[in-house]
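Computed from heavy atoms alone, side chains included, the values below leave out hydrogens, waters and symmetry copies. Reminder, nothing fancy here: chain letters follow the sequence lines and each chain counts from 1.
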There are 2 protein chains.
Amino acid sequence: MYQSLLIVVAILVKLQHCSWTDELMSTGVANEKAIDSLKALAEPIRLEIIEALSNGEKCVCDLMQETGLAQSKISFHLKVLKEAGVITDRQSGRWVYYQLDTRTLKSLQNWIKRLRKGCLNEASSCE
Amino acid sequence: MYQSLLIVVAILVKLQHCSWTDELMSTGVANEKAIDSLKALAEPIRLEIIEALSNGEKCVCDLMQETGLAQSKISFHLKVLKEAGVITDRQSGRWVYYQLDTRTLKSLQNWIKRLRKGCLNEASSCE
DNA sequence: AGAATACATCAAGAATGATTGATGTATCAA
DNA sequence: TTGATACATCAATCATTCTTGATGTATTCT
């Protein structure tokens, strides 16, 4: 009882520290992370934001200017992206700067790499 | 008039043949493709299917057995994945075999690679 | 302190996507 | 030709996600 609680705590600590690490990539937990990231990316406005951030760190006002979108809309999508671990934020005065999280991108890349590895094996025929 | 029609046809042919080619990666057209692929990946059942297919080609009955999901559900998601260009299918007798499309995966990988390239540039301060 | 700027959050409605069970189609075997 | 298998499609319900305009909060300027 006490021991299993310890294990749970250990897992939580681990997840907190290395969200999206590659050693977790083939577990269910990692898949949830993958889904969060993919879902976050899979939306036109968010993809536009991502593309904008691919040139470097930006604040919300920059993004508003670049995209011409309403502020509340951008904030909403930034929140989705942040909670998915796709971007990070940093406050400086009254500005908040957003940046792509390269760790998440790297993990996504590795995940896709793994998918490509064995996917061309032929099916054992069903007949 | 006739010439611009030719160009449109050429583009259509191109899109058909090399959906998701990397030279298109930074255009709006490519982004729509990216969104389709990402959206397709960003769903628990579809991700489960993708993971199953990462070991190689499978027919629907294989997938049903592996996942324990209803047939119509799997067919629905396979269709989404196929229309997004994430998987390809091949019929053999009364079985239909599905496989990951490595070209799409490769393009996704390259896209992420590009995102990672310049995203760490600091913001020009807003003050 | 008061006003302005930069951003976050909220609730209600609109839009999109998924599930379900039934039905349809093509292929094969007896 | 009849029945069985493998899969696709459909329509209705259900669930999730986005948008919009308004309001809230923190920070800076005067």
Side-chain angles (χ1 to χ4, degrees), chain A residues 31-32 34-50 52-53 57-99 122-127, chain B residues 31-32 34-50 52-53 57-99 122-127:
Chain A
N31 270 355
E32 276 174 38
I35 288 174
D36 284 348
S37 302
L38 292 166
K39 247 187 191 163
L41 291 170
E43 206 274 346
I45 291 183
R46 291 200 287 268
L47 206 57
E48 202 180 342
I49 292 175
I50 294 294
L53 292 182
E57 204 183 31
K58 302 243 164 92
C59 66
V60 181
C61 51
D62 289 337
L63 293 171
M64 281 179 68
Q65 224 176 1
E66 263 187 65
T67 63
L69 295 166
Q71 181 261 318
S72 73
K73 208 185 250 187
I74 292 185
S75 269
F76 168 78
H77 289 293
L78 283 172
K79 192 183 180 188
V80 175
L81 288 167
K82 188 185 162 189
E83 283 177 350
V86 177
I87 61 177
T88 58
D89 61 347
R90 141 181 104 80
Q91 184 156 8
S92 165
R94 51 183 149 165
W95 287 273
V96 179
Y97 296 94
Y98 286 91
Q99 191 175 56
E122 271 212 31
S124 49
S125 190
C126 289
E127 340 247 344
Chain B
N31 270 355
E32 276 174 37
I35 288 173
D36 284 349
S37 302
L38 292 167
K39 247 187 191 164
L41 292 169
E43 205 272 347
I45 290 183
R46 291 200 287 268
L47 206 58
E48 201 179 344
I49 292 174
I50 294 294
L53 292 182
E57 205 182 29
K58 303 243 165 93
C59 65
V60 181
C61 50
D62 288 337
L63 293 172
M64 282 178 67
Q65 223 174 2
E66 263 187 63
T67 63
L69 294 166
Q71 181 262 319
S72 74
K73 210 186 247 188
I74 292 185
S75 268
F76 169 78
H77 289 292
L78 284 171
K79 192 183 179 189
V80 175
L81 288 167
K82 188 185 162 191
E83 284 178 348
V86 177
I87 61 177
T88 59
D89 61 346
R90 142 181 102 82
Q91 182 157 9
S92 166
R94 49 184 150 165
W95 287 273
V96 180
Y97 295 95
Y98 285 91
Q99 191 174 55
E122 272 211 29
S124 49
S125 191
C126 289
E127 338 248 347

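Scanning residues 86-99 of chain A for heavy-atom distances under 4.0 Å to DNA chain C yields A:R94, A:W95, A:V96, A:Y98.
Separating the CE atom of B:M64 from the P atom of D:dA6 is a distance of 9 Å, rounded to the nearest angstrom.
Residue pairs meeting the side-chain hydrogen bond (donor to acceptor under 3.5 Å, both in side chains) criterion with at least one partner in residues 61-71 of chain A, sequence neighbours excluded, are A:K58-A:E66, A:Q71-A:S75.
The closest donor-acceptor contact from the side chain of A:R46 to the backbone of A:I74 lies at 3.5 Å or more, if one exists at all.
With sequence neighbours left out, the side-chain contact (heavy atoms from CB on, under 4.5 Å) criterion links A:R94 to no other residue. Partners of B:V96 by side-chain contact (heavy atoms from CB on, under 4.5 Å), not counting sequence neighbours, listed by chain and number: B:D89, B:Q91, B:Y98. Every side-chain contact (heavy atoms from CB on, under 4.5 Å) that A:K79 has, sequence neighbours left out, goes to A:E83. Scored by the side chain to side chain donor-acceptor pair (under 3.5 Å) test, A:E57 finds A:R90 as partners (sequence neighbours excluded). Remark: B:S124 engages no residue in a side-chain contact (heavy atoms from CB on, under 4.5 Å) (not counting sequence neighbours).
Here CG of A:L47 is found 7.0 Å from CG of A:L41. Values are rounded to the nearest 0.5 Å.
Between B:L53 and B:L81, the closest side-chain pair of non-hydrogen atoms is not below 4.5 Å.
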Please enumerate all protein N or O atoms sitting under 3.5 Å from an N or O of nucleotides 14-19 of chain D, with distances to 0.1 Å.
residue	atom	partner	partner atom	Å
D:dT17	OP1	A:K39	NZ	3.1
D:dC18	OP1	A:R46	NH1	3.1
D:dC18	OP1	A:R46	NH2	2.6
D:dT19	OP2	A:H77	NE2	2.6

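Checking each of B:L69, B:V80, B:L63 against B:I49 for a side-chain contact (heavy atoms from CB on, under 4.5 Å) leaves exactly one that passes, namely B:L63.
Chain A approaches DNA chain C within less than 4.0 angstrom (heavy atoms of the protein), and the contacting nucleotides run 5' to 3' from C:dT5 to C:dT9.
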